[in-house]
Amino acid sequence: MTDAAANDVRRAGVTKGRSSMSTFDDPFDADRSLRAACVCGQHRSAAEHEQSALALRCEPAESEDKRYEGVVASAVMRAMFPQDAARRAFLKSVGASTALVALSQFFPLKTATEVFAGASAPEKKDLKVGFIPITCATPIIMAAPLGFYAKHGLNVEVVKTAGWAVIRDKTINKEYDAAHMLAPMPIAISLGLGANAIPFTVPAIENINGQGIVLAVKHKDKREPKDWKGLKFAIPFDYSMHNYLLRYYLAENGLDPDTDVQLRSVPPPEMVANLRADNIDGFLAPDNICQRAIYDGVGFMHLLSKEIWDGHPCCSFAASREFITTAPNSFAALTRAIVDATAYASKAENRKQIAEAIAPANYINAPVTVLEQVLTGTYADGLGGVKTDEKRVDFDPFPWQSFAVWMLTQMKRWGQIKGDVDYKAVAEQVYLATDTRKLMTEMGLTPPSSAYKSFAVMGKTFDPEKPDDYVASFKIRKQS
């Protein structure tokens, strides 16, 4: 057999358990393309997928053995017949059964299947993944009730957790195999900020946008940040995009977040109660917390976080380097499941179904209508209006390393990091863009070719090649 066939088998092995690639199509169906198919891998087109009775997910193959056979046979067929027309002509002339026999004479399909199955099987199928009950964790949460973990050969218990420090500690202590974390948290943990330095990684971003600044109803007349001096604001955690985005917004409006207002760390599930009790005047928080405050009549939406930075990351799927090293196949399967769920969540037509799936008490514990307003982008603003923004929250798993560099600049700006910072080295150690790009490509997705991009925050362009210049450009910052 050719080297191309062997390489295709090797590449296919990385995607074992995945049914969203054309690799899992029947390679002996003369009428089916091995190159173009529904993203789920079970249908010939997106239209056929939509018509399927299994609206929430596609079922995996009948058995693991059948799944592995399909991977190997498809890889060999693609190597032998790179063009679909040639493959179809061959199959129509000899038939599928004869083709399989002929293929087996040239390539040991049975042996290759056994090797593939053994090499790629998860070292640990029973896993625990911690999460905070917010819509930022949508892919991690929905992957349980909608079957994405099971689809990838895993039995995952998603564990509702009270706060970010608890998530951090339980993951470090290995009570959780992986976790939903704020996007800056794995960077902070890896640098030893707020805890002992332990190498952590981000193979996938959970959500982009999806946050907002909410003020108490009594502050309806204070729509200008210059009127906010002395107010108390809640953020979920010191090492959070919420902290950095709120600080950025305040500073751009002339307020020093360390002297002109009070910032308090409050677990997201407790924010609405604190707003109602007048313990805080507002917060920058996940959208379901924002919308719950509006739903309960205690707050109004000042602005969406995307109005500060459209396309910003918020939360991530994170795991320790140790987990990757000791259970690489389990980690790969878990990451595929998360990316798979994220791709599903990115489609607007799936959002109402997802809202119902993640609403129960063991997940987010929120009224479905609140989650629908967040996920569909049609929502009450608490000021008597109804707004529509389909990108209020969105889902894109690619871990841009330029995101990590920006977070590091804000850690530096506000004194969380002292001394010099090797921005790129830290970003590339924690944000696994290269590995995720390879995995996404193998899953039939189209990741970006570069891990760095420029973007604008409140109209100011960020160049990831010049992070120190960026930090120095801010008039309001913690002076070291």
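Just so you know, residue 1 is the first one in the sequence shown, and it goes up from there.
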TODO: Spell out, as yes or no, whether a donor-acceptor pair under 3.5 Å connects the side chain of Tyr248 to the backbone of Val457.
DONE: yes
- [ ] Run the numbers on Phe317 and Leu334 for side chain to side chain contact (heavy atoms under 4.5 Å, CB included), then give the verdict.
- [x] CA-CA 10 Å; Phe317 165 61; Leu334 190 54; 3.6 Å; yes
- [ ] Mind listing the closest non-hydrogen atom pair of Val430 and Pro186 along with its distance?
- [x] CG1-CB, 3.9 Å
Open item on the list: Looking at every heavy atom in both Pro286 and Gln211, which two are closest together, and how far apart are they?
Closed with: CA-OE1, 2.9 Å
TODO: Kindly compute the distance separating CG (Asp177) from CG (Leu127), expressed to the nearest 0.5 Å.
DONE: 4.5 Å
TODO: Please indicate whether Glu175 has more than 12 foreign heavy atoms, meaning atoms of other residues, nucleotides or ligands, lying under 6.0 Å from its CD.
DONE: yes
Open item on the list: side chain to side chain contact (heavy atoms under 4.5 Å, CB included) for Gln410 and Trp406? Distances and angles first, verdict last.
Closed with: CA-CA 7 Å; Gln410 300 309 293; Trp406 187 88; 3.5 Å; yes
Task: Pro203 to Ala318 - nearest heavy-atom pair and separation - done: CD-CA, 4.4 Å
TODO: Please state whether the rings of Phe403 and Trp309 are parallel, tilted or perpendicular, taking 30° and 60° as the class boundaries.
DONE: perpendicular
Open item on the list: Using side-chain heavy atoms (C-beta onward) and a distance below 4.5 Å, is Phe395 in contact with Thr138?
Closed with: yes
TODO: Pick out which of Arg351, Lys347, Lys306 makes a salt bridge (charged side-chain N to carboxylate O under 4.0 Å, His left out) with Asp394.
DONE: Arg351
For residues 362-371, which side-chain N or O atoms pair as donor and acceptor with protein atoms under 3.5 Å away, sequence neighbours left out?
none

Open item on the list: Using side chain to side chain contact (heavy atoms under 4.5 Å, CB included), reason through Tyr149 and Ile338 one step at a time and then give a plain yes or no.
Closed with: CA-CA 8 Å; Tyr149 294 127; Ile338 296 297; 3.5 Å; yes
Open item on the list: Would you say that Val339 contacts Arg336 through its side chain, given a criterion of any heavy-atom pair below 4.5 Å between the two side chains?
Closed with: no
- [ ] Give a yes or no on whether Lys391 atom NZ has more than 12 heavy-atom contacts from other residues, nucleotides or ligands under 6.0 Å away.
- [x] no
Task: Atom of Ala380, atom of Gln291 and distance for their closest heavy-atom approach - done: O-NE2, 2.9 Å
- [ ] Could you tell me the separation between the NE2 atom of His180 and the CD1 atom of Ile134, rounded to the nearest 0.5 Å?
- [x] 4.0 Å
- [ ] Check whether any side-chain heavy atom of Val393 lies under 4.5 Å from a side-chain heavy atom of Leu375, and answer yes or no.
- [x] yes
TODO: Indicate the atoms forming the closest heavy-atom contact of Glu206 with Pro139, along with that distance.
DONE: OE1-CD, 3.3 Å
Task: Distance under 6.0 Å and angle within 45° of ring axis: Lys424 vs Tyr452 - done: yes
Open item on the list: Could you report the tightest heavy-atom contact between Asn207 and Cys315, atom names first, then the distance?
Closed with: OD1-N, 3.0 Å
Task: Nearest-0.5 Å distance that lies between atom CE in Met185 and atom OG in Ser316 - done: 8.0 Å
Open item on the list: Taking atom NZ as the centre, does Lys128 end up with more than 12 heavy-atom neighbours from other residues, nucleotides or ligands that are less than 6.0 angstrom away?
Closed with: no
Task: Close side-chain approach of Thr335 and Asp435, heavy atoms under 4.5 Å - done: no
Task: From Ser190 atom OG to Arg321 atom CZ, the distance as rounded to the nearest 0.5 Å - done: 8.0 Å
TODO: Would you tell me whether Asp238 and Ser265 have side-chain atoms, one donor and one acceptor, within less than 3.5 Å of each other?
DONE: yes
Task: Asn173 atom CG, neighbour heavy-atom count above 12 within 6.0 Å - done: yes
- [ ] Decide ring-ring contact (aromatic ring centres under 6.0 Å, His included) for His312 and Trp400; before the verdict, give the C-alpha distance in whole Å, the side-chain angles of both, and the deciding distance to 0.1 Å.
- [x] CA-CA 10 Å; His312 72 81; Trp400 290 92; over 10 Å; no
Open item on the list: I want to check something: taking the side chain as every heavy atom from C-beta on, are Val426 and Tyr431 in contact at a cut-off of under 4.5 Å?
Closed with: no
Open item on the list: So, taking the atom named CE in Met407 and the one named CG in Asn243, what distance separates them when rounded to the nearest 0.5 Å?
Closed with: 12.5 Å
Task: Gap between atom CE of Met271 and atom CG of Asn274 - 0.5 Å precision - done: 9.0 Å
Task: Donor-acceptor pair, side chain of Glu123 and main chain of Thr326, under 3.5 angstrom - done: no
- [ ] Would you please classify the geometry between the Phe455 ring and the Phe462 ring as parallel, tilted or perpendicular, with 30° and 60° separating the classes?
- [x] tilted
TODO: Give a yes or no on whether the backbone of Glu465 and the side-chain of Asp463 come within a donor-acceptor separation of less than 3.5 Å.
DONE: yes
Task: Given Asn209, Asp287, Thr378, the one that forms side chain to side chain donor-acceptor pair (under 3.5 Å) with Arg392 - done: Asp287
Task: Criterion side chain to side chain contact (heavy atoms under 4.5 Å, CB included) on Phe237 and His242, from CA distance to verdict - done: CA-CA 8 Å; Phe237 200 61; His242 312 81; over 6 Å; no
Open item on the list: Would you say that Pro184 contacts Met241 through its side chain, given a criterion of any heavy-atom pair below 4.5 Å between the two side chains?
Closed with: yes
Open item on the list: With a 4.5 Å cut-off on side-chain heavy atoms, are Met411 and Val421 touching?
Closed with: no
Task: Lys160 side chain to Ala361 backbone, donor-acceptor under 3.5 Å - done: yes
Task: side chain to side chain donor-acceptor pair (under 3.5 Å), paired with Tyr176, selected from Thr171, Thr161, Asp169 - done: Thr161
Task: Validation row: Met301, Lys387 side chains within 4.5 angstrom (heavy atoms) - done: no
